[in-house]
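Just so you know, ligand 1 is whichever comes first in the structure, and atom 1 is the first atom listed for that ligand.
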Amino acid sequence: MSMEIKQAILQKIKEYDTIMLFRHFRPDGDAKGSTKGLQGILKATWPEKEVLLINDDHSDYLAFMGDDEAEVADEVYKKALGIVLDTATTDRIANKKFALCKELIKIDHHIEVAPYGDLSWVETEKSSVCEMVAEFYATFRDELKITQEAATHIYTGMVTDSGRFQFSSVSGDTLRYAAVMLDQGINTDLMYAHLQLKDFDELKFRAQIYKLMKITENGVAYVYLSKELQDKFGLKPEAASACISAMDSIKGCLCWIGFIENGDEEGSVRVRLRSRFVAINSVAEHYRGGGHACACGATIFNKKEMRALVKEADAIVKQYKETHEEWL
Ligand code: AMP
């Protein structure tokens, strides 16, 4: 079924001299990998086309993937085909000038809440958008070219968004397309070192999380990181947000939540929710958020909302445990 849409996307790409790629703000490995990877494929295949990736945000954790490019005139956008990757809704697109593009294509694996784009290829069961880009390349490999650098970007996004190929979203196809990327000669030792190694200070902060963290009666682990605490540990928002992974392997805790104060005037708090076995995205949706069944995000504005959110998650976990046997 997806063959038709992939062919339509390839056709559109062929029609345009200027192609601009877009992703969500606060990029993760999949957002960076899919945009940079597709950019590499398009540039290698059509050196005469202008293929642009313009964003001014930066991720320390993913600095090794390189920053994007500097702004260009509005006229360039107006003649371009825009391709938005890994972004469920237009309000999450980092570069707001996407709206100027002549036509827009959406390629995504998030649950569709507000469809957009003249063409849309959305498959929610895909482990990553990078997997979709790898599939796109593999489908048209007779026509498309790829570089080792582009394959490394795509593989990195596949690795990060699938929890190192451990999530249940990983299918036989995921590994087959990962193999197509690996065949390009990726330095996996270096890639995993970039992804895994931590400054010692970050590990000391992790120890603090274990002290602060609370666990509800039915197994929801959560931690609240005030701006004051983040400043005390000299943490940038991205490093503070990494608190979520410290809570991911506690037996009996099927859900874990990080509340990270943004330090703005409105008192907004970023909420990161994760779970295993049980879907938790309904909770995120009740607090101005969304995402995947077991990895989603929301925003709250006070401790009262935090307590209500934790209570709701706890009730879901309780119900799940009472009605299912195979969990731990
Ligand atoms: P994060 O905790 O920021 O890594 O987000 C986990 C997943 O949920 C990602 O796929 C995000 O795109 C999605 N997500 C996070 N926050 C929101 C939000 N406010 N609305 C919709 N989706 C979100």
Side chains of [X] and [Y], donor plus acceptor under 3.5 Å:
| X | Y | answer |
| --- | --- | --- |
| Ser128 | Asp161 | no |
| Ser241 | Arg270 | yes |
| Ser171 | Asp173 | no |

For this session: Below 4.0 Å from any atom of ligand 1, which residues have a heavy atom? Give them in chain and number order, please.
Result: Arg92, His110, Arg270, Arg272, Arg274, Arg288, Gly289, Gly290, Gly291, His292, Ala295, Cys296, Gly297
Exercise. Which residues, ordered by chain and number, are linked to Ile316 in its hydrophobic cluster, where ILVMFWY side chains connect at heavy-atom gaps below 4.5 Å, directly or through other members?
Worked result: Val220, Tyr222, Tyr224, Leu254, Ile257, Phe259, Val269, Val271, Leu273, Phe277, Val278, Ile280, Val283, Tyr287, Ile300, Met306, Leu309, Val310, Val317, Tyr320, Trp327, Leu328
Problem set entry | Other cluster members, Leu203 - Ile/Leu/Val/Met/Phe/Trp/Tyr, side-chain contacts below 4.5 Å |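 Members other than Leu203 - counting any ILVMFWY side chain reachable under 4.5 Å - are Phe200.
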Exercise. What pairs of residues pass the ring-ring contact (aromatic ring centres under 6.0 Å, His included) test when at least one of them lies in residues 76-98, not counting sequence neighbours?
Worked result: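 ring-ring contact (aromatic ring centres under 6.0 Å, His included) check on residues 76-98 returns no pairs.
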